[in-house]
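Data first, discussion second: the structure below is written as structure tokens.
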Amino acid sequence: MAIIVQKFGGTSVGSTDRIKNVATRVSRYRAKGDQVVVVVSAMSGVTDNLIKLAKEIMPLPSEREMDMLLATGEQTTIALTAMALHSMNLPAVSLTGAQAGIVTDGVHTKAKIQNITPKEVHKLLDSGNVVIVAGFQGQTQEGQITTLGRGGSDLTAIALAAALKADLCQIYTDVDGVYTADPRLVPSARKLTEVSYDEMLELAGLGAKVMQSRSVEFAKKFGVIFEVRSSLNDNPGTIVKEETTNMEGVVVRGVALDKNQAKVTLAHVPDKPGVAARIFKAIGESAINVDMIVQTASHGTSGATDISFTTDKADLLKARKVLDSIQSEVGFKEIIADEKIGKLSIVGVGMRSHTGVAAKMFETLAEAGVNIDMISTSEIKISVVIDLAKGEQAVKAVHSAFIG
Ligand code: ADP
Ligand code: ASP
Ligand code: MG
């Protein structure tokens, strides 16, 4: 008897009809005699709407209360999914993250899973139930409700698959798998049959929201092989797994555009040891993730530089508050925020063994009249910050140059 973990995202449970479809799919696996654990997201739009409500009350709400609020989205879906299975005469029990034994640290809205003790899940499976677990949420040792960051139901599914030593982990979504670019932006994008953890990790971290990047990190660490596939049909999806030698033959596996980044520039920062450390320590302590960092050369004799970095738009207000609080101590002149940026990236393990990739990307952007604001590279990716308004045009041009 196999243990299968199936995760259904927001669109896949976006209406009661969709939830009934999920129940039908689950029942097919159940009929084969397998034990099925279902992880569900909030119905599509629900999490965004809860965030909107909170911001109508105050711009920077308490993160503990945000978690209390956001965790309700998934709680609605688990109960409805259990009912849909009951209506088909299948025994099913819904569990919150805490009831499923998911223990996290106390970093509200971005909590990390510390351990999972799926005793209750095993017990319910062994007595013949389908177990439905609320994605995206957990509980601290002290009993505080936490959430795992946007898209966090993916992490719930992968982490449960690891803890249960599941035989199969399927991530059901609203596209047929992982594509060479977001198929909604680039119509010529192709579905990948397989992709390595490292490539998926970069793509996810760079804006391909089909998988939450932390969930991929977790899968790599614990060797969880998973499939991304559609909840709307039976087409085979994309297998995400450890790199194989033939994967290096392709230079660029995928192209991603992240429209949710903002750029923060600190103007006129004193050019002396310890300043950058002070700034990024304060940012890091507030659990704000920073990606690209660029420091310009000292301005003439003034002994000052500009430091720019990118971060999630959602963290911008918090970053500004932190920077305001250290401005006089550090002595920079001004904080300039720019939300109209896009981060465009190409990713592929083949870049390790091929040259001229950056030049080709920059040439393609030049031909498309797209100016490059910041550049960052790693062994298997090149990212550039560009004008948001040109993002979609740029992603199409770069996809066509490298992938066709
Ligand atoms: P779910 O609610 O199922 O978690 P998401 O909306 O989080 O689904 O992720 C699925 C979406 O990711 C797709 O609808 C697609 O527009 C987007 N996407 C971005 N990049 C890619 C990519 N490279 N391959 C597939 N989908 C992508
Ligand atoms: N509902 C959460 C979100 O919208 C978690 C998820 O869907 O994975 O981010
Ligand atoms: Mg998602």
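For ligands, and for the atoms within them, numbers begin at 1 and follow the listed sequence.
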Give a yes or no on whether a salt bridge exists between [X] and [Y], defined as a side-chain N under 4.0 angstrom from a carboxylate O.
X      : Y      : value
Asp48  : Arg150 : yes
Glu63  : Lys110 : no
Lys313 : Asp258 : no
Arg28  : Asp234 : yes

Would [X] count as being in polar contact with ligand 1, using the rule that some N or O on each side must be under 3.5 angstrom apart?
X      : answer
Asp174 : yes
Ser12  : no
Gly10  : yes

Per-residue contact class, [X] against ligand 1 - non-hydrogen pairs under 4.0 Å:
X      : result
Ala181 : backbone
Lys209 : both
Met211 : neither
Thr173 : both

With rounding to the nearest 0.5 Å, note down the distance linking [atom1] in [X] to [atom2] in [Y].
X      : Y      : atom1 : atom2 : value
Ile346 : Lys360 : CD1   : NZ    : 9.0 Å
Glu217 : Ile158 : CD    : CD1   : 12.0 Å
Lys272 : Ser298 : NZ    : OG    : 12.0 Å

Counting heavy atoms only, which of [options] is nearest [atom]?
atom                    : options                        : result
atom 4 (O) of ligand 1  : Arg190, Gln212, Lys7           : Lys7
atom 3 (C) of ligand 2  : Gln212, Lys209, Arg150         : Arg150
atom 25 (C) of ligand 1 : Gly177, Gly151, Ala189         : Gly177
atom 12 (O) of ligand 1 : Leu206, Asp182, Val255, Val210 : Val210

Exercise. Is Thr47 in polar range of ligand 2, meaning some N or O pair under 3.5 Å apart?
Worked result: yes

For this session: Could you tell me whether some N/O pair between Glu74 and ligand 2 is separated by less than 3.5 angstrom?
Result: yes

Exercise. Taking the six-membered ring of Phe218 as reference, does the NZ or CZ atom of Lys221 fall below 6.0 Å from its centre and within a 45° cone about the axis?
Worked result: no

Exercise. Quick one: does Leu203 get within less than 4.0 Å of ligand 1, heavy atoms only?
Worked result: no

Exercise. Going by the order shown, which atoms of ligand 2 are within less than 4.0 Å of some heavy atom of Ser41?
Worked result: 6 (C), 7 (O), 8 (O)

Exercise. In ligand 2, which numbered atoms sit nearer than 4.0 Å to a non-hydrogen atom of Gly151?
Worked result: 3 (C), 5 (C), 6 (C), 8 (O), 9 (O)

Sequence neighbours left out, cut at 3.5 Å: what donor-acceptor pairs do the side chains of residues 112-120 make with other protein atoms?
none

Seminar exercise, completed: Near Val178 (heavy-atom distance under 4.0 Å), the atoms of ligand 1 are 24 (N)

Exercise. In terms of atom number and element, which parts of ligand 1 are under 4.0 angstrom from non-hydrogen atoms of Ala208?
Worked result: 19 (C), 20 (N)

For this session: Measure the acute angle between the ring planes of Phe8 and Tyr172, then classify it against the limits of 30° and 60° as parallel, tilted or perpendicular.
Result: parallel

Problem set entry | Top protein contact for atom 23 (N) of ligand 1, by heavy-atom distance | Tyr179 O, 3.0 Å

Exercise. Any non-hydrogen atom of Gly152 lying under 4.0 Å from ligand 2?
Worked result: yes

Exercise. So Glu379 and Glu202, side chain to side chain contact (heavy atoms under 4.5 Å, CB included) or not? Walk me through it.
Worked result: CA-CA 11 Å; Glu379 225 192 352; Glu202 290 283 13; over 6 Å; no

Exercise. Listed by chain and number, what are the side chain to side chain donor-acceptor pair (under 3.5 Å) partners of Arg278, not counting sequence neighbours?
Worked result: Glu329

